[in-house]
Protein chains: 2
Amino acid sequence: MTLTLTESKVRFLESLADKTRLRIVEALREKEKTVTQLVQELGATQSNISGHLRLLKISGIIKSRQEGKYVYYSLASSAIADFLTKLEDMLIAMKREALESA
Amino acid sequence: MTLTLTESKVRFLESLADKTRLRIVEALREKEKTVTQLVQELGATQSNISGHLRLLKISGIIKSRQEGKYVYYSLASSAIADFLTKLEDMLIAMKREALESA
DNA sequence: TTAACATATCATTAATTAATGATATGTTTA
DNA sequence: TAAACATATCATTAATTAATGATATGTTAA
């Protein structure tokens, strides 16, 4: 099952197009974190966070390593962080353009 | 109803995280197009395309201008095209990294 | 080795949403 | 003006998915 480039883009965008998942990914930009740390930081249930982490991992956006009873999650690539920066820059640019044309 | 930055990002990503909408936006990178042109190019129904165009316009991703009985749609900002380029570059970079570590 | 802790999985429920077909609105042209 | 064309809107249906609570699995420490 090889995806077309457009399908790959959609999969990637879908993975980030959820408030909880985007907050997880932004939290992981700072440093790797355990499930419990993310649960506390985001104020969501453990089951909910674990489910989202699973999806993000399958999508190739994050990776994990186990250390004793803890599982540390982190971004799979620095390209993800660059992309998030670009997303933010773009929204700011669009907001500015919208104000200028008003 | 002012959105937080994270919410704005999610809204934007949701708007593009659909195969039909992403294809529309990529089709509009080339040049402005009418609804009928998009219907033909994408092979979808007119009602379906119109609905997606409406959503993309509300999201601020595309804009439109009417010329007689035609409505021409185009990208709202060149920042959108830049973002799509970045998305594609990132996916290619991630694919390369995945192959290297294999 | 049992209790406590960390994480993953599963079934259910509620909500969201894309597609469709029908119809309405608006514009041009015969 | 009426027919043809272009686009928008609406109700319905089907499918997807996020959240929740419960439970299972795996790890450490008492």
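All chains are named by letter (A, B, ...) in the order of the sequence lines, taking the proteins before the strands, and each is independently numbered beginning at 1.
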Go ahead and name the base partner of D:dT12; Watson-Crick or wobble counts if both distances stay under 3.5 Å, otherwise write none.
-> C:dA19
Side-chain-base donor-acceptor pair under 3.5 Å for B:Gln46 and D:dA8 | yes
Is the number of heavy atoms from other residues, nucleotides or ligands under 6.0 Å of B:Arg29 CZ greater than 12?
-> yes
Indicate yes or no: does B:Glu97 engage B:Lys95 in a salt bridge with an N to O separation below 4.0 Å.
-> no
Taken to the nearest whole Å, CZ/A:Arg65 to P/C:dA6 is 16 Å
Is any side-chain nitrogen or oxygen of A:His52 closer than 4.0 Å to OP1 or OP2 of D:dA19?
-> yes
Grab the CG-P distance between B:Leu38 and D:dT7 for me, whole Å please.
-> 9 Å
Under 4.0 angstrom between B:Tyr72 side-chain N/O and D:dT7 OP1 or OP2 = no
Atom CG of A:Asp18 to atom C1' of C:dT17: distance rounded to whole Å?
-> 15 Å
Matching residue for A:Ile24 among A:Ile61, A:Leu42, A:Leu55 - test: side chain to side chain contact (heavy atoms under 4.5 Å, CB included) = A:Leu42
Of the listed nucleotides C:dA22, D:dA6, C:dA8, the one nearest the side chain of B:Ser47 = C:dA22
The nucleotide from C:dA8, D:dA8, C:dT28 with an atom nearest the side chain of B:Lys69 is C:dT28
Can you tell me how far C1' of C:dA6 sits from NZ of A:Lys33, to the nearest Å?
-> 18 Å
Interatomic distance, A:Gln37 CD vs C:dT7 C1' [rounded to whole Å] = 14 Å
For B:Arg54 and D:dT9, is the shortest distance between a side-chain N/O and OP1 or OP2 below 4.0 Å?
-> yes
Atom-to-atom span, CG of A:Leu56 to P of C:dA8 - whole angstrom = 12 Å
Nearest whole angstrom, please: distance from the P of D:dA8 to the CD1 of B:Ile49.
-> 11 Å
From D:dA18, C:dA19, D:dA8, nucleotide with atom closest to B:Asn48 side chain | C:dA19
Of A:Arg21 and A:Gln66, whose closest DNA chain D nucleotide lies nearer the 5' terminus?
-> A:Arg21
For the pair A:Phe12 and A:Phe83, name the ring-plane relationship: parallel under 30°, tilted 30 to 60°, perpendicular over 60°.
-> perpendicular
Please tell me which of the listed nucleotides, C:dT20, D:dA6, D:dT28, lies nearest to the side chain of B:Thr36?
-> D:dA6
Between C:dA19 and B:Thr20, is there an OP1 or OP2 to side-chain N/O distance shorter than 4.0 Å?
-> yes
Should A:Glu32 and A:Arg65 count as an ion pair when the cut-off is N to O under 4.0 Å?
-> yes
Salt-bridge present (A:Glu26, B:Lys9; N to O < 4.0 Å) | yes
Rounded to whole angstroms, how far apart are CD on A:Glu14 and C1' on D:dT16?
-> 10 Å
Report yes if at least one side-chain N or O of B:Tyr73 is closer than 4.0 Å to OP1 or OP2 of D:dA8; otherwise report no.
-> yes
Closest to the side chain of A:Leu55, out of D:dA18, D:dA19, D:dA8, is D:dA18
